[in-house]
Every structure is written in C-alpha cells, then in structure tokens.
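Throughout, protein chains are lettered first and strands after them, A, B, ... in sequence-line order, and every chain is numbered starting at 1.
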Number of protein chains: 2
Amino acid sequence: MSPTIKDIAKKAGVSIATVSIVLNGKAKVSATTKEKVEAVIKEMDYHPLHSARRLATQTTGNIGYIIWDGYFSEAEMFYSQVFWGVEYAARNNDYYVLVTTVKEKFNPKEDLPRFLRSRVVDGIVIMGKMPTSLLDYLEYLKIPFVLVDFEVQRKAYNSIQFDNYNGTYGAIEYLLQQGRKNIAYVGGLINHPSIRKRYNGYRDALEAHNIPAEIIQKFSYCVDVENTSEIGTEGAVQLLKKHPEIDAIFGCTDHIALGVIEGIQKLGRSVPKDVAVIGFDDIPISSYNKPKLTTLRVPKMSVGKEAFNLLLDVMKKPDMKSHTRILPVELIIRGSSQCN
Amino acid sequence: MSPTIKDIAKKAGVSIATVSIVLNGKAKVSATTKEKVEAVIKEMDYHPLHSARRLATQTTGNIGYIIWDGYFSEAEMFYSQVFWGVEYAARNNDYYVLVTTVKEKFNPKEDLPRFLRSRVVDGIVIMGKMPTSLLDYLEYLKIPFVLVDFEVQRKAYNSIQFDNYNGTYGAIEYLLQQGRKNIAYVGGLINHPSIRKRYNGYRDALEAHNIPAEIIQKFSYCVDVENTSEIGTEGAVQLLKKHPEIDAIFGCTDHIALGVIEGIQKLGRSVPKDVAVIGFDDIPISSYNKPKLTTLRVPKMSVGKEAFNLLLDVMKKPDMKSHTRILPVELIIRGSSQCN
DNA sequence: ACTTATGAGTAAAACGTTTTACCTAATAAA
DNA sequence: TTTATTAGGTAAAACGTTTTACTCATAAGT
C-alpha cells in the first residue's frame with residue numbers, strides 16, 4: 001500500500017498534525033522540521049489521499065461542466081473546445097472537471113445533474129443555453145456557478161460573454177468597406193441573448209451608415225429554431241429570390257453561414273463574387289469549406305480558461321458581487337468574403 | 001446543511017449501519033425497516049456524501065481518460081467524440097471521468113498524470129498512441145487500464161480496436177468493383193499498429209486480385225510522420241506525377257484523404273471522375289468537404305462505451321485474462337468515390 | 001520581576017461513510 | 001429438549017486527512 005500521513009509522521013519523528021501543516025502551510029513550522037518532513041515525503045513518494053482530504057475539508061476539488069443535450073451532437077464541437085479550455089485551467093489549479101448534460105425538457109426534481117445530488121462538485125460552469133429552472137435550483141443550493149455565452153434577463157449572474165455586438169458590428173463595417181451595398185442577415189434562435197446581440201450589431205452598423213430601417217427589415221431572415229446549416233440554406237434562398245440585389249449575407253453562426261453558402265451556390269451564384277458571406281464562431285469545419293469561411297473567431301480555449309478563473313473567484317468569495325467578463329472576438333478573413 | 005446518514009438513522013429510529021445496509025443492499029433487512037428507511041431518505045432528500053463513501057470504501061468512483069498532447073489539437077475532434085462515449089457509459093455506472101493529457105516526451109517520474117499521483121482514479125482509458133514507459137508504470141502501480149486504438153508488441157493488454165484490416169480490405173474491394181484499376185495508398189505513421197493493419201488490408205486486397213507486389217509497392221506512399229492533410233496532399237501529388245495512371249487513392253485517415261483530394265485537384269484532375277478517394281475515421285469535416293468524402297466510419301461513441309465497459313470488467317476482476325474487442329467499421333459511400 | 005506575546009509542536013476531535021464482529025430472538029434440525 | 005442455523009439488527013472501529021484547542025518554551029514589553 002501507499003504510505004499514509006502516519007507513516008510519514010512516524011518516520012520523521014513528528015505528529016501527523018505537523019506533517020499536515022507542512023503539506024498545507026497553514027501554520028508555522030521551524031525550517032528544520034519542515035525540511036526533515038519534506039525529505040521523508042519525497043523519500044517515501046507520499047501523496048495525500050484525495051478522498052480523505054476531501055472529507056476532512058468538506059470540499060470536493062471538482063467542478064462541474066454542464067451542457068445542454070442538444071449541443072452534444074456530432075457536429076457541435078464548439079463546446080467541446082471550450083471544455084478543453086476549462087479542463088486546462090482547472091488542471092493548473094488542481095481541480096478536476098466532471099461533465100454532464102441536461103435534457104431539453106428539464107425537471108429539477110427528476111433530471112438533476114448527478115453531481116449535484118451527491119455534492120460532488122464545488123462549483124459549476126454552464127455552457128450555453130440552460131433552463132432557468134436549473135439556475136434557480138443552483139441558487140437555492142447555494143452552489144457557485146458561472147454562465148458561458150448565456151445570460152438571463154433581470155438576473156445578474158456571473159458570466160463570460162463574447163463580444164457579440166461589437167464583433168458583428170465590425171464585420172458589417174468591413175463588408176461595407178469592401179463595397180458591399182446590400183447586406184442581409186440570416187439566423188435562428190433570435191431570442192437567445194447572444195444571438196440577439198449579434199442581430200443588434202448588424203442592424204446598428206447598417207443604421208449608422210444610413211440604411212433605412214425598412215430595408216434592414218426586409219433583408220433580415222430571423223427565425224426561432226436551432227441554428228443548422230439547413231436553416232442557413234433556406235434563409236439564403238428565400239432572401240435571394242425576393243431580393244436578388246443582396247450582395248452579402250451575415251450568418252449568425254458558422255453553421256448558418258455554411259448553409260448560406262450552399263444556398264447561394266444552389267441558386268447558381270458565386271461566393272464571394274456575387275455574394276460575400278460571414279459567419280460567427282470559427283468552428284473547425286469553416287476553414288475546410290470551399291470557399292473557406294470568413295468568420296468571427298471566438299477564442300474557445302480562452303473562454304474556457306476565463307470561465308474557470310471566474311468560477312474560482314466565486315468559489316473563494318461566494319458573496320462577491322456578480323461579474324461579467326466580455327471577451328473580444330476576431331474577424332478572420334478568408335475566401336468567402338474577399339475577391340482577391 | 002444537507003442531511004447525513006445520522007439524521008436518517010435518528011429519524012427512522014434505526015442505527016446508521018442499518019441505513020447503510022439499506023443503501024447498499026449488502027446484508028439482509030426486513031421489508032418493513034427497509035421501507036421505513038427508504039421513506040425517510042426520500043422525505044429528507046438524502047444523498048450519501050461522495051467523499052465519505054470513497055474514503056470508507058477505498059475506491060474513488062472515478063476513471064481517468066488519458067490522451068496524448070498532440071491529439072489535443074483543434075482539428076482532432078475524433079478523440080473528443082470517443083471521450084463523450086466513455087463519459088456516457090461511465091455516467092450510467094455512476095463513475096466520473098477525469099481527463100488529462102500526456103506530453104510527447106514523457107518522463108514517468110516527472111510528467112505523471114496527476115490523477116495517478118493522488119490515487120484519484122480506479123482505472124484508466126488510454127486513447128491512442130501512448131509511450132510504453134507510461135504503460136509500464138501503470139502495470140507497476142497495478143492500476144487497471146484499457147487501450148483504445150493502440151497496442152504494444154508482445155504485450156497482451158486489454159484493448160478496444162477497430163477492424164482496421166477488414167475495413168480497409170473491404171474498401172479496396174469496393175473500389176475494384178467500381179472498376180478502378182490502379183489503387184494507391186497514402187499515409188503517415190506507418191509504424192503505428194492500427195495504421196499498419198490498414199496498410200496490410202490494402203495490400204492483401206490487391207494481392208488477392210492478382211496485382212503484382214511491385215506495383216503495390218510503387219503505388220504506396222508510406223511515411224512515418226503525423227497524419228496531416230499536408231502529408232496527404234504531398235503524397236497524392238508525388239504519386240500522380242510519377243504514375244498518372246492511378247485512378248483511386250486510399251488515405252489512411254480522413255485528414256490524409258482530405259489532403260489527397262486537395263492534391264488531386266491541385267494537379268487539375270477531378271475527384272471522383274479521374275481519381276476516387278477513400279478515407280478512414282469519418283470525422284465531421286468529411287461530410288462537409290466538397291466532394292463529400294467516402295470513408296470508413298468508426299463508431300466513436302460505441303468505442304467509448306465499449307472501452308468503459310471493458311474497463312469496468314477489469315476493475316472488478318483485476319486478474320482477468322486480457323481481452324481485445326474488435327469493433328467493425330462501416331463503409332460510408334459519398335461523393336469522393338462514386339460517379340453517380 | 002511579572003505579565004503578555006509569540007513560536008513550535010501535538011493530542012484528539014471531526015468529517016460521513018462502510019464494514020466487522022457481535023448480539024438476540026426466532027426457527028429448523030437432531 | 002437441546003443444538004444449530006438464520007434473520008435482523010447494532011456498536012464501534014476503520015478509512016486518512018484537516019483543524020481546533022491546548023501545552024510548553026522562550027522572547028518581549030512594562
């Protein structure tokens with residue numbers, strides 16, 4: 001068996017309390033005993049048993065990562081990448097990350113993520129859209145959490161956001177600079193707070209360039225279903241049939257934008273020559289597409305790291321006033337928007 | 001605070017031992033007390049504290065998932081998907097999955113995955129290529145593990161494999177049936193056991209159809225570097241320049257195959273009309289490519305689930321004789337091989 | 001010279017379970 | 001009737017840490 005703290009204490013000729021103190025530095029020890037104990041620890045290759053430590057401190061050393069079932073699909077690697085960011089930051093702070101998903105039809109009593117039931121996490125990162133009933137329940141349990149890319153009206157939760165508004169605004173300005181005149185918008189989930197901000201960025205950028213509101217209205221294809229490439233295709237086809245003068249389309253996610261490209265090509269028109277296309281997210285597929293998709297890159301790893309760091313703060317000071325961190329996005333210009 | 005087992009015992013008028021027994025069913029209790037205790041448990045919404053249980057049972061309830069640093073890249077979502085499969089199966093068995101990566105230059109004393117040090121997992125799933133020094137160390141620690149898509153010469157480790165050989169063999173036969181005459185192979189990592197089997201499947205299928213060995217030799221572009229799309233492009237270009245008669249190329253992974261397609265197109269030839277292309281893995285990008293890539297689909301979720309189940313067996317009976325499970329792959333026919 | 005701090009260390013309690021060893025009463029076997 | 005056996009239950013030990021409260025020196029402040 002692996003050595004325990006008792007073995008160390010015995011061999012070093014001190015009490016187990018002293019060993020613990022050396023380990024955690026929570027009190028004073030003389031330099032000599034400290035050295036002696038540390039030598040023995042190294043010699044016997046001792047490592048404290050996780051579960052014993054957890055029981056004694058009444059903490060778990062784990063954080064949870066919750067993601068909605070629907071984002072768990074094959075194509076949706078976006079959230080996997082954020083996960084790796086969280087994992088990376090957690091590792092550096094000696095936390096483990098436990099993952100679970102939550103069903104669309106979520107019932108707090110029934111479908112509670114398992115690690116809440118057995119009090120097995122100290123805090124939670126919540127990725128994307130999440131039923132408010134779950135958030136309410138977390139508040140009731142007094143378990144710290146941070147939201148990523150989501151927020152709730154009238155509730156000041158801790159969260160990490162991307163700069164949806166300014167990112168989109170900037171992308172539209174770039175299209176105008178490129179000489180595009182009639183810029184359309186295609187996207188689903190219009191009631192999602194982040195998507196709504198993207199739409200507002202689109203609208204405000206055009207308004208700032210004196211495009212009349214009713215034109216913007218006509219060029220907007222906004223629906224309230226999941227953002228799939230099929231919806232993108234559908235939106236592009238409908239818009240272009242009604243308004244052949246459209247020469248650029250902003251898709252509210254890369255999935256949408258990739259669908260948009262397909263729609264444009266289906267109508268026999270060329271990207272980017274006839275119509276430029278820009279997406280949002282920068283998922284891996286986007287740089288493999290033909291043409292490669294211009295998009296707003298979300299720094300997925302950083303998002304994960306920031307989420308963990310914020311969570312760590314909240315876990316340390318549970319009644320810290322709530323905090324929102326907005327990360328910038330970067331316009332990645334590729335073939336779908338630029339006639340070289 | 002959440003109720004503890006003592007609260008339950010007091011309220012139900014029994015000892016804590018009885019509550020524990022009801023919880024775990026490790027001994028006999030009368031139906032009446034059982035019901036009574038269960039009622040109290042439900043009423044107070046009691047859930048045993050994970051860490052206490054872990055300390056008492058001297059198990060962790062966790063398994064580790066180790067993946068090599070290099071597979072951790074943006075594009076390599078293959079292993080992420082397997083991870084979700086493991087996670088799913090683990091969840092159904094009330095295990096948590098802890099993730100870590102291992103550096104290329106791995107030094108057992110220095111870079112030991114953290115969850116080995118603190119004895120925080122009961123077993124480990126190892127994804128893909130892994131330094132043998134780590135495997136040796138795991139054996140020394142007597143910690144159960146299973147390999148996925150990897151094996152070691154002369155060592156009968158527990159593992160989950162895909163049917164690399166027959167999958168490739170079948171794909172080559174399919175190409176022959178389609179009337180392709182000169183089928184080439186492009187791939188890196190030729191010393192990786194799984195890749196080697198793919199190559200053998202390719203070679204044997206051709207030999208079985210009386211293709212002379214020296215032709216096979218000439219049509220093989222085998223190198224020993226990572227499988228990137230750049231290598232695929234490079235291989236395709238080299239082969240086609242020397243042997244313009246080649247009318248089909250098998251890429252040993254989808255990344256390779258996607259690069260191959262790019263190479264073919266760069267030379268001004270058409271896929272699939274002039275040259276058919278088949279890959280292996282079925283990564284998400286493959287179905288977005290133009291043309292869509294024909295490939296051998298590895299059932300990633302199932303692989304993960306099987307890996308967990310095998311690990312569970314090994315954890316239960318540590319000296320079980322070692323076991324290899326080979327999962328079939330499925331030929332997914334798409335545009336890159338079929339002139340409709 | 002007398003309190004008061006301070007420094008270094010420890011014994012023992014606490015954390016919340018599981019498990020062992022033992023007890024009692026009831027039933028079955030002889 | 002006596003003796004095993006079984007069923008149902010429990011007290012207490014064990015798991016390996018951290019933390020609290022306490023001791024005993026020695027140093028510092030009056």
Side-chain angles (χ1 to χ4, degrees), chain A residues 1-41 44-62 94 96 114-122, chain B residues 1-41 44-62 94 96 115 117-122:
Chain A
M1 278 312 292
S2 311
T4 73
I5 198 171
K6 275 186 198 159
D7 303 327
I8 304 299
K10 190 178 289 173
K11 189 146 190 174
V14 297
S15 73
I16 64 167
T18 305
V19 177
S20 177
I21 289 165
V22 169
L23 241 31
N24 304 298
K26 297 250 176 172
K28 301 272 166 85
V29 248
S30 71
T32 43
T33 40
K34 186 174 178 199
E35 275 169 26
K36 192 171 50 182
V37 171
E38 278 171 348
V40 176
I41 287 177
M44 304 189 74
D45 194 26
Y46 164 75
H47 297 279
L49 185 66
H50 202 244
S51 43
R53 180 171 256 179
R54 290 325 168 189
L55 178 57
T57 58
Q58 295 288 83
T59 64
T60 70
N62 301 322
D94 239 316
Y96 292 98
R114 60 197 177 122
F115 47 61
L116 294 182
R117 290 198 306 265
S118 303
R119 292 163 284 163
V120 98
V121 296
D122 299 332
Chain B
M1 278 309 292
S2 311
T4 75
I5 197 170
K6 274 186 198 158
D7 302 327
I8 304 299
K10 189 179 289 173
K11 188 145 189 175
V14 297
S15 74
I16 64 168
T18 304
V19 177
S20 178
I21 289 165
V22 169
L23 241 33
N24 303 298
K26 297 250 175 170
K28 300 274 168 83
V29 248
S30 71
T32 44
T33 40
K34 186 172 178 202
E35 276 169 25
K36 191 171 50 184
V37 170
E38 279 172 344
V40 176
I41 287 177
M44 303 188 74
D45 193 27
Y46 164 75
H47 297 279
L49 185 67
H50 202 244
S51 45
R53 179 173 257 178
R54 291 323 168 190
L55 178 57
T57 58
Q58 294 288 83
T59 64
T60 70
N62 300 323
D94 238 315
Y96 291 99
F115 47 61
R117 291 198 305 266
S118 302
R119 293 163 285 162
V120 97
V121 295
D122 299 331

How many whole angstroms separate atom [atom1] of [X] from atom [atom2] of [N]?
| X | N | atom1 | atom2 | value |
| --- | --- | --- | --- | --- |
| A:Glu35 | C:dA8 | CD | P | 14 Å |
| A:Lys10 | C:dA11 | NZ | P | 13 Å |
| B:Arg54 | D:dC15 | CZ | C1' | 13 Å |
| B:His50 | C:dG16 | NE2 | C1' | 13 Å |
| A:Lys6 | D:dT17 | NZ | C1' | 10 Å |
| A:Leu49 | C:dT17 | CG | P | 17 Å |
| B:Asn24 | C:dT17 | CG | P | 11 Å |
| B:His47 | C:dT17 | NE2 | P | 12 Å |

*With sequence neighbours left out, write down each residue that passes salt bridge (Lys or Arg N to Asp or Glu O under 4.0 Å) with B:Lys11, or none if nothing qualifies.*
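B:Lys11: salt bridge (Lys or Arg N to Asp or Glu O under 4.0 Å) contacts with B:Glu43.
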*Contact class for B:Leu55 vs. all strands (heavy atom < 4.0 Å): base, sugar-phosphate, or nothing?*
base
_A:Gln58 vs D:dT19: side-chain N/O to OP1/OP2 distance below 4.0 Å_ = no
*Do the non-hydrogen side-chain atoms of A:Thr4 and A:Ile16 ever get within less than 4.5 Å of each other?*
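SC-SC contact between A:Thr4 and A:Ile16 ruled out.
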Sort me out a list of protein N/O and nucleotides 5-10 of chain D N/O pairs below 3.5 Å, or just none if empty.
residue, atom, partner, partner atom, Å
D:dG9, OP1, B:Ser30, OG, 3.3
D:dG9, OP1, B:Thr33, OG1, 3.4
D:dG9, OP2, B:Ser30, N, 2.9
D:dG9, OP2, B:Ser30, OG, 3.3
D:dG9, OP2, B:Thr33, OG1, 2.8
D:dT10, OP2, B:Ser15, N, 3.2
D:dT10, OP2, B:Ser15, OG, 3.3
D:dT10, OP2, B:Thr18, OG1, 2.4

*So how far is it from A:Ile5 CD1 to A:Tyr46 OH, rounded to the nearest 0.5 Å?*
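Here the rounded value is 4.5 Å.
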*side chain to side chain contact (heavy atoms under 4.5 Å, CB included) with B:Val19: which of B:Val29, B:Ile8, B:Asp7, B:Asn24?*
B:Ile8
Residues 32-40 of chain A side chain polar contacts: donor-acceptor under 3.5 Å, at least two apart:
residue, atom, partner, partner atom, Å
A:Thr32, OG1, A:Ser30, OG, 3.2
A:Thr33, OG1, A:Ser30, O, 3.0
A:Thr33, OG1, A:Ser30, OG, 2.7

*Specify the closest pair of heavy atoms between B:Arg54 and B:Asp94, including all atoms of both residues, with the distance to one decimal.*
NH2-O, 4.5 Å
_For a quick test of reading the model, state the closest non-hydrogen atom pair linking A:Ser15 to A:Ala9 and the distance between them._
C-CB, 3.8 Å
*Which one, D:dC15, D:dT19, D:dT17, comes nearest to the side chain of A:Ala56?*
D:dT17
